Each structure stands twice: as C-alpha cells, then as structure tokens.
Amino acid sequence: VWQWKKETGSTILNQLKALGISCDWSHERFTMDEGLSRAVREAFVRLWADGLLYRAERLINWCPRCKTALADIEVVHEETDGHLWHIRYPFVDDASSGLTVATTRPETMLGDTAVAVNPEDPRYRHAIDRKVRLPIVGREIAVIADSYVDPTFGTGALKITPGHDFNDFEIGQKYHLPIICIFDDDAKIRAAAFAENGYEPTWLERYKGKDRFEARKLVVEQLKEEGHLEKIEPYRLALGRCYRCQTPVEPYLTPQWFVKIKPLAEPAMEVVRDGRLKIVPEGWANSYFAWMENIKDWTISRQIWWGHQIPAWYCVACEQGHIIKTGQGDFMLTKEAKPIVAREQPTKCPQCGGDKFIRDPDVLDTWFSSGLWPFSTLGWPDETEDLQRFYPTSALVTGFDILFFWVARMIMMGLKFMDNVPFRDVYIHALVRDQEGQKMSKSKGNVIDPLEVMDKFGTDAFRFTLAALAAMGRDVKLAEDRIAGYQNFVNKLWNAARFVLMNLSGGRQSADESSNGDLNLADQWILSRLAATISKVREAVDAYRFNEFAHHLYQFTWHEFCDWYIEMSKLALNSGDANERSKTECVLATVLENILLLLHPVMPFVTEEIWHALKEKLGQKERQPTIMLQSYPRAVETDIHPEAEQRVGYLMEITRAVRNLRAEMNCPPSKEVKVVLFGSADNLSLLQAQERYLKALARVGALEYRSDGERPKGAATAVVGETEVYVPLGDLINLDEEKSRLSRELARVEDELARVRKKLGNSDFIAKAKEEVVRREKQKAAEFEDKIRTLNQSLGRIEEIAGDKA
RNA sequence: GGUCGCAUAGCUCAGUUGGUUAGAGCGCGCGCCUCACAUGCGCGAGGUCGUAGGUUCAACUCCUACUGCGACCACCA
C-alpha cells in the first residue's frame with residue numbers, strides 16, 4: 001500500500017502543482033495515516049455503541065473475481081443482451097402437465113426451492129399448493145401464491161432461488177423456504193450445497209466446480225435433452241457488474257457488517273432541505289434526495305487485502321465453534337460469532353475471562369474512512385485548533401460521480417460525529433468530456449492528460465479555458481481550438497502589460513496613490529468600467545458562474561482595456577502635458593494591477609510574473625512578496641462614472657461609424673479622411689472637446705462640426721443616434737456602392753420601424769404592457785423615423801449626383 | 001421502467017425573474033506590418049432560437065405533446 005501510495009500520490013501531487021493549485025501542503029493526508037486510522041476506529045466504536053452497526057448474514061452483492069462484498073452503489077447496472085429461458089417443471093402428481101417458468105439465469109434452478117404464481121392469476125389457480133419436480137435435480141418443490149408475482153411478465157410463474165436472487169430471498173424468508181447456495185465464492189458450483197440439504201445427486205458430477213456461465217450452458221443443454229426447455233427468447237436485462245473489474249456481480253449469502261443508514265440519512269436530507277447545506281446547481285439536490293430516500297443499509301465490510309481492518313475481536317475460547325479455517329492462516333467467522341468492538345484489542349473476554357482473541361479479518365469500505373475526511377484530517381476525535389478553525393469548510397467542489405459515494409457519506413458522518421454539516425456549499429462542477437462529448441475513460445482511450453494540454457498551451461490558458469467552459473450544470477467538451485483561443489488571450493495580456501510597463505516612468509508614483517480628481521475622460525471611463533467589471537466578476541464567483549467570471553474578464557481586458565483604453569491612453573502619454581501623462585500612467589498601472597488580481601485565480605502564473613515586474617517598476621517590490629497575499633479587488637464606488645461611460649460610448653459609436661464608412665468605401669487605413677458631423681450643439685461640443693480620440697482612432701484628418709445647413713455632396717454617410725456622419729470622398733465615391741449600402745440600411749431600419757409600429761398600434765399593448773416598455777417603444781419609433789428621414793435625404797443626394805453625372 | 005438534462009450562427013457554446021437590433025470564441029470574407037501585440041488591428045457576412053400546439057398585449061425565454069440526443073437511478077424473473 002505504501003509503495004503504491006508513494007507512486008500514485010506523488011503523481012497526483014505533481015499534477016496538482018503543475019496546475020498551479022495552491023494548497024496548504026502541510027495538511028496533506030492519506031487515508032491510511034495513523035491519525036485517520038484512529039478516527040476510523042473511534043467512529044466505528046461510536047456507531048456500534050449507538051446501535052447503528054450490525055453484523056449479519058444477508059444476501060449481498062458479491063464480486064466473484066475480487067472475492068469481496070460490494071455496497072449497492074458499487075454495482076453498476078448495464079443493459080445487456082440476454083435470453084429469457086422458458087423451463088417446464090412437471091407436477092409431481094401428474095408429470096404429463098406442469099408449470100413453465102421464465103428465467104434469465106437457468107443455472108440457478110439447481111437451487112430453486114419453490115415456484116410462485118400470483119394468487120389472482122386464473123391460469124394457475126389449479127397449481128397452487130401442488131408440487132412440481134425440478135428437472136435435472138429431481139427435487140420436489142412447492143408452488144406458492146404471492147402477489148409479488150407479475151402475471152404479465154414471462155409466463156406468470158416465477159422460480160424462487162432464495163440463495164441467488166434478492167427478491168427470491170425476500171420471498172424465501174416470508175415462506176420459510178430453504179436456502180440453497182449452489183455457488184462458492186468463485187461463483188463455481190459448490191458440491192457441498194446439495195449434500196448439506198440431504199441430496200445424493202448422481203447428476204452432480206457434470207456440474208461440480210463449473211463456473212456459473214459454464215453451468216448455464218450445461219443446464220440448458222441437459223434441459224433440452226430432457227425436453228424441459230420450451231422456449232428461448234432474446235431479452236435485454238440490466239446486469240449488475242463490479243464497478244472495479246466489471247465482473248457480473250453474484251448475490252451471495254455471507255455474514256457482513258452493515259451500517260443502519262436511515263437514522264443517518266434523515267438528518268442528512270434535512271440539512272439540504274432547510275438550506276444549511278446548499279447543493280449547486282440545485283438540480284443535483286433532487287438526485288441527492290432520491291438516492292437518500294431509497295438508501296439501503298450500507299455493507300461496509302470488504303474481503304480485500306488492504307484497508308482499515310475492522311476493530312472487532314472474537315474470543316477464541318467462546319467462539320471456537322464459529323471460526324472456520326479456510327486456508328493457511330485464513331479463517332472465516334460464521335454469522336453466529338459474537339464480536340467485541342473496541343478501539344484496541346481487549347485484554348480479557350468479558351464472557352469467559354479468556355485472553356486469546358482473533359481480530360475480524362475484514363477491512364472497511366474505503367468510503368467509510370473517506371466519509372470522516374472533513375474532520376478526521378483535522379485531528380478528530382481530539383478537539384484540535386484546526387478542527388475549531390476549519391470545520392465546517394465553506395465549499396466542497398466535486399464531480400457528480402462521487403456525490404453519493406463520498407459527499408453523501410461525509411454529510412451523514414459529519415452530522416453524526418460533529419453535529420454540523422462538513423461544508424456549506426457543494427458545488428458540482430462540470431465533467432470534462434472529449435471532443436465528441438464522450439466521457440473520458442481509460443478503457444476508451446480518450447483520456448486527455450492535463451499535463452500534455454498544459455505543455456502544449458500553457459497552464460494559464462488551460463485553466464482559463466476550463467473556467468470559461470464551466471457553464472452551470474453542463475458538461476464540457478474540451479476542444480483544443482478553444483484552449484488555443486485563450487492562449488492568445490494570455491499573450492494579449494502579456495503584451496498589454498509590456499505596453500504599460502514600458503510607459504511607466506517608474507519609481508516615483510504608486511498605482512494606489514492616484515488622485516482621482518480631474519482625470520481625463522478616458523481615465524474616468526476605464527476606472528468606471530473596471531469598477532463595473534469587478535462587481536460583475538464578484539457576483540459571478542459568488543454564484544459559482546465561472547463562465548461569466550471568465551467572460552467578463554476577457555471582455556474587459558481585451559475589448560475595453562486593450563482595444564480602447566490603451567489606444568486612448570497613448571494620446572495622454574504623448575500629449576506633452578506632464579500632469580496628464582502622470583495621471584494616465586497611474587490609471588494604466590491601477591487597471592493593470594486590478595486585472596492581474598482579478599485573473600490570478602484562473603491564470604496564476606502569468607499574473608504573478610507580470611505583477612512582480614509591475615511592482616518592481618513601481619518601486620514597491622519589497623513591500624509585497626507575492627500576488628497571492630493580496631486581497632481580491634473590490635469595486636471602488638467613487639470610480640463609477642455613468643456620464644463618462646455614456647460619453648465614451650458615444651465617442652465609440654461615432655468612431656465605429658467612421659471606420660465602417662472607410663472600410664465600406666475601401667479607403668485604406670493609411671489615408672486620412674475628412675469628416676463632417678451634423679448634430680445637436682451638445683453632442684458636437686462633446687465630440688469637439690474629445691476630437692483627438694476621434695482623429696487617432698478613426699484616422700481622421702480634419703473634422704468639421706455643423707448644426708444645420710447644406711449636407712456635403714458625394715459623401716459616404718451614416719447616422720449615429722441623432723448625429724449624422726459624413727465622409728466626403730468627392731469623386732472617389734462609388735455611387736452604386738454607396739447607394740446600395742444606404743438602401744440596405746434603410747430597409748433594415750424600416751423593418752424595425754414596422755415592427756415597433758405594429759406593437760404601438762395594438763391597443764392591448766398600450767393598455768397592458770408596462771409603462772416603461774411602452775415608452776421605450778415610442779422612443780424607438782421616433783429614432784427610427786429620424787434615421788429613415790436622414791437616410792432618405794442621403795439617398796436623394798446620391799441620386800442627384802448620379803443624375804448630374806448622367 | 002423511473003427521474004433529470006440538452007436541442008440557438010459552419011463548429012463549440014452563452015443568453016439570471018417573458019419586452020434586446022438574439023451574443024461570444026473559433027472558422028469564414030474583405031482591408032491592414034497603425035511605434036504593446038500579425039498568438040495582432042479594423043470592417044463584415046452568417047440564425048424563421050428542434051417540430052406542432054397552448055398561455056400572454058408580447059415567447060429563444062412559461063406550459064403540453066412529439067422527435068432526436070445524453071445522463072443518472074432501478075431487484076420485476
């Protein structure tokens with residue numbers, strides 16, 4: 001175990017570290033550590049004392065390959081093609097007639113001890129309380145009536161094998177039927193089974209020691225030979241397999257340890273119901289309840305070679321008769337053996353005073369110790385400081401596949417032993433699937449090794465991608481294109497940082513000491529946008545909406561900071577105004593630092609790197625050793641500046657309009673153009689005040705502002721709000737192109753207007769819609785009408801020119 | 001068999017209380033080596049939001065049915 005742990009454990013740790021996960025490595029624990037073993041023994045003893053543990057012989061799920069008991073949850077059911085075999089069991093009193101049973105497992109007939117029919121089934125009234133003779137075996141078994149039998153399934157007659165089927169076991173208990181276990185722990189035919197029941201089978205030679213599937217063939221063959229096989233139908237059945245080795249599970253009768261689960265499950269459901277523990281996304285709470293409500297006692301003993309050995313001892317003197325030797329040094333305890341449950345081996349038997357004990361050879365299901373994890377790792381059962389401080393934790397992040405295996409158990413155990421939930425939130429993250437959406441699995445060979453991906457694209461890009469794709473409640477198809485895209489984002493951030501660093505004068509000014517009085521418009525704007533972004537990012541994280549988190553940061557960093565602000569900042573930096581320049585430097589540094597802090601959880605490596613460079617440049621390096629110790633940014637209320645946002649928004653629209661016109665008219669970027677703007681005095685004075693931005697961003701040479709008068713002829717035109725934008729191109733203008741462009745735009749706006757008018761024409765709409773909605777629609781209509789008017793005028797002028805030319 | 005989820009641009013996906021010109025990334029088209037970045041910059045094309053009904057003044061958004069995927073749970077032989 002320890003060798004295995006060393007290898008696997010270090011692989012996992014290396015992966016985690018490569019992923020840039022920052023943990024308190026001093027708290028690393030392994031299930032088999034002494035501290036945890038102690039917690040396991042303590043928990044076991046307490047459960048026993050509280051009557052929540054018992055040892056009993058039950059039909060349990062058994063893996064004949066692993067030779068161990070399995071919990072229900074460790075059995076995976078899989079639709080499998082099989083057959084329904086119809087076998088005829090003749091009546092003892094009249095061999096010429098009989099009952100036909102249908103079964104998916106003909107070999108188990110060797111252990112049948114009854115046939116059941118539904119008491120209401122008219123076909124079988126005559127059969128009740130008669131006896132039938134088992135083919136091959138020759139044993140006489142009773143026909144019983146029980147409403148459990150579904151008359152519509154198969155033949156309506158059900159063979160009862162209490163030793164090898166869960167339902168049959170129940171029925172067997174109800175009618176006190178004998179139990180014949182025909183298999184040994186290998187699922188091979190066990191000869192002794194028949195001798196035990198007083199049979200001297202001559203037919204046994206043929207089956208003895210045969211595996212269950214071989215036995216099936218032989219049974220079918222013999223039934224056929226003897227004329228008892230009536231029919232074989234194809235049938236799909238849900239076959240239970242061992243979750244580890246896929247071997248079909250065999251119901252098997254052995255003594256095992258069980259946890260009485262209902263008393264633990266009840267409170268565990270309650271805390272989710274009353275909100276003391278939140279499952280995110282909520283949808284999983286339904287599954288959680290469904291599972292908890294139908295939960296059966298938990299088989300916790302395992303017959304495997306490693307794990308926590310069960311802390312139960314048996315007095316050799318008292319239990320002698322219940323100890324069965326099964327091999328050299330191996331032994332088994334019958335269901336009658338009385339365990340002494342204790343933290344340590346007892347010194348004296350309370351019954352006989354004997355001092356010789358053997359310890360229960362079984363070990364515990366690993367999930368038993370895992371269930372104690374939230375507190376066993378913190379020193380429980382001691383009242384440690386760690387326990388005080390860290391229990392309960394705020395959130396558990398995990399995949400749905402262990403919601404039942406582990407999470408549910410932690411909740412039950414936490415409530416039982418700590419009297420409190422182990423964590424407040426359970427965030428069920430998406431499962432990463434391959435490009436085709438298939439679940440990754442070793443057997444399918446479609447596993448994506450995170451180390452390889454990180455090697456190719458970088459850890460930061462990989463982490464950011466996972467966050468960006470982690471939309472609530474949806475699995476992730478990991479596409480390399482996507483990672484490549486975010487790799488570019490990392491690069492973009494790097495280059496933006498380079499720009500900022502090369503423009504900082506250095507040393508003299510610190511980013512957080514900026515005086516925010518009389519900043520220029522761009523500075524006000526970006527700080528306002530930053531504040532808004534911080535708020536949205538925080539909201540997203542609080543709600544576990546990591547895709548929104550990533551989206552907002554991507555959008556802000558690339559499309560606001562880089563695309564607009566950095567470009568605008570160049571004007572301030574080159575303005576020759578030292579005061580303005582230093583303020584802009586401050587803002588650049590502030591925004592960059594905030595971006596780094598905001599992104600750090602998803603992009604730890606680049607952000608750390610850039611942050612150090614930034615701190616060095618600002619002369620603050622010694623003060624702050626690592627970005628990780630910084631607190632997460634909070635939005636600065638006073639930075640919020642709606643007016644600046646609105647103004648820059650307008651400026652951006654005009655800029656886009658000019659760029660658009662240039663592009664449509666195939667005007668090369670190298671060529672400066674003249675722009676004439678018509679609009680209200682307010683808007684124009686704003687534009688005029690900020691015209692350096694317009695000139696730089698849209699490559700405009702000269703700008704003219706007019707409130708009314710003749711519109712320029714031969715100009716490409718656009719309408720932004722109430723502002724008309726003209727780019728006079730003189731003879732360069734392509735009349736046809738401009739005409740079709742304007743017509744297209746006109747058609748689009750007319751469409752919009754028609755839609756809005758239709759709404760406004762509907763009296764129900766006016767009467768019933770919210771006032772604000774109506775007002776907005778009216779405003780839209782007015783805007784569209786204005787726009788249509790100017791577009792028509794522009795079209796008119798184009799046609800005029802065309803006319804002149806012709 | 002039961003339960004739940006998903007169907008939106010060529011691809012992968014967002015769209016939080018019903019009213020937006022339905023968005024992003026990649027891909028695609030056009031134009032650019034504009035002094036942080038061609039892993040880049042600018043502009044653009046592309047969707048009757050799976051089908052059929054219903055509720056509503058108004059539906060991608062709510063309800064029903066259907067179709068097609070997917071997952072989980074399940075002892076009907």
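Remember, predicted model here, so these are calculated numbers, not experimental data.
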When A:Glu107, A:Glu250, A:His164 are each screened for side chain to side chain donor-acceptor pair (under 3.5 Å) with A:Arg212, the one that passes is A:Glu250
For [X], answer base if it contacts any base atom (sugar-phosphate contacts may also be present), sugar-phosphate if it contacts only those atoms, and nothing otherwise; contact means non-hydrogen atoms under 4.0 Å.
X: A:Thr104; value: sugar-phosphate
X: A:Cys562; value: base
X: A:Tyr235; value: sugar-phosphate
X: A:Glu772; value: nothing
X: A:Arg755; value: sugar-phosphate
X: A:Phe166; value: nothing
X: A:Ala290; value: nothing
X: A:Val149; value: base

Using only side-chain N and O atoms of [X], determine if any of them is under 4.0 Å from OP1 or OP2 of [N].
X: A:Tyr148; N: B:C75; value: no
X: A:Lys770; N: B:A58; value: no
X: A:Lys492; N: B:C41; value: yes
X: A:His559; N: B:G25; value: yes
X: A:Asn286; N: B:U3; value: no
X: A:Trp284; N: B:U3; value: no
X: A:Lys780; N: B:U21; value: yes
X: A:Arg482; N: B:C26; value: no
X: A:Asn666; N: B:C30; value: no

Student check: side-chain heavy atoms of A:Val490 and A:Phe605 closer than 4.5 Å
no
Can a donor-acceptor pair under 3.5 Å be found between the side-chain atoms of [X] and the base atoms of [N]?
X: A:Glu567; N: B:A36; result: yes
X: A:Asn167; N: B:C75; result: yes
X: A:Asp150; N: B:C76; result: yes

[X] has a side chain; which of [options] sits nearest to it?
X: A:Asn488; options: B:U21, B:G40, B:A36; result: B:G40
X: A:Asp563; options: B:G42, B:U39, B:U16; result: B:G42
X: A:Arg659; options: B:C73, B:G44, B:G42; result: B:G42
X: A:Asn547; options: B:C75, B:A14, B:A36; result: B:A14
X: A:Lys296; options: B:U20, B:C75, B:U39; result: B:C75
X: A:Phe400; options: B:A77, B:A71, B:A74; result: B:A71
X: A:Thr103; options: B:A36, B:C75, B:A77; result: B:A77
X: A:Tyr554; options: B:C57, B:G25, B:C37; result: B:G25
X: A:Trp558; options: B:G40, B:A74, B:G19; result: B:G40
X: A:Leu158; options: B:U20, B:A77, B:U16; result: B:A77

Rounded [atom1] spacing from [N] to [M] in Å:
N: B:C57; M: B:G44; atom1: P; answer: 39 Å
N: B:C28; M: B:U20; atom1: C1'; answer: 26 Å
N: B:C76; M: B:G18; atom1: P; answer: 41 Å
N: B:C13; M: B:A71; atom1: P; answer: 15 Å
N: B:A9; M: B:C26; atom1: C1'; answer: 12 Å
N: B:A45; M: B:G31; atom1: C1'; answer: 15 Å
N: B:U56; M: B:C43; atom1: C1'; answer: 41 Å

Between A:Arg656 and A:Gly283, the residue closer to the 5' end of RNA chain B by nearest nucleotide is A:Gly283
By nearest-heavy-atom nucleotide on RNA chain B, the more 5' of A:Ala496 and A:Arg105 is A:Ala496
_Between A:Arg748 and A:Glu745 (salt bridge meaning N to carboxylate O under 4.0 Å), is one present in this structure?_
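A:Glu745 and A:Arg748: salt-bridged.
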Suppose we define a pair by two distances each less than 3.5 Å, Watson-Crick or G-U wobble; what does [N] pair with here?
N: B:G53; answer: B:C63
N: B:G23; answer: B:C13
N: B:G68; answer: B:C6
N: B:C76; answer: none

How close or far is atom [atom2] of [N] from atom [atom1] of [X], stated in whole angstroms?
X: A:Asp481; N: B:G27; atom1: CG; atom2: P; value: 7 Å
X: A:Tyr544; N: B:U16; atom1: OH; atom2: C1'; value: 17 Å
X: A:Asn503; N: B:C37; atom1: CG; atom2: C1'; value: 14 Å
X: A:Arg744; N: B:G44; atom1: CZ; atom2: C1'; value: 9 Å
X: A:Lys159; N: B:A77; atom1: NZ; atom2: C1'; value: 8 Å
X: A:Arg699; N: B:G31; atom1: CZ; atom2: P; value: 18 Å
X: A:Trp291; N: B:C73; atom1: CH2; atom2: C1'; value: 12 Å
X: A:Gln555; N: B:C13; atom1: CD; atom2: P; value: 21 Å

Step through the shown structure and confirm whether more than 12 heavy atoms of other residues, nucleotides or ligands are within 6.0 Å of CD on A:Glu79. yes
Atom CD of A:Glu752 with >12 non-hydrogen neighbours under 6.0 angstrom = yes
_Parallel, tilted or perpendicular: which one describes the rings of A:Phe556 and A:Phe561, with boundaries at 30° and 60°?_
parallel
A:Arg741 (side chain) donor-acceptor with A:Thr717 (main chain) under 3.5 angstrom: yes
**Asked** Is the backbone of A:Arg105 close enough, under 3.5 Å, to the side chain of A:Thr103 for a donor and an acceptor to pair up by distance?
**Response**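 Confirmed, A:Thr103 side chain pairs with A:Arg105 backbone.
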How long is the straight-line distance from CG of A:Leu59 back to CG of A:Leu253, given to the nearest 0.5 Å?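 Rounded to the nearest 0.5 Å, the CG-CG separation comes to 6.0 Å.
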dist A:Arg757:CZ -> A:Leu753:CG (nearest 0.5 Å) comes out at 4.0 Å
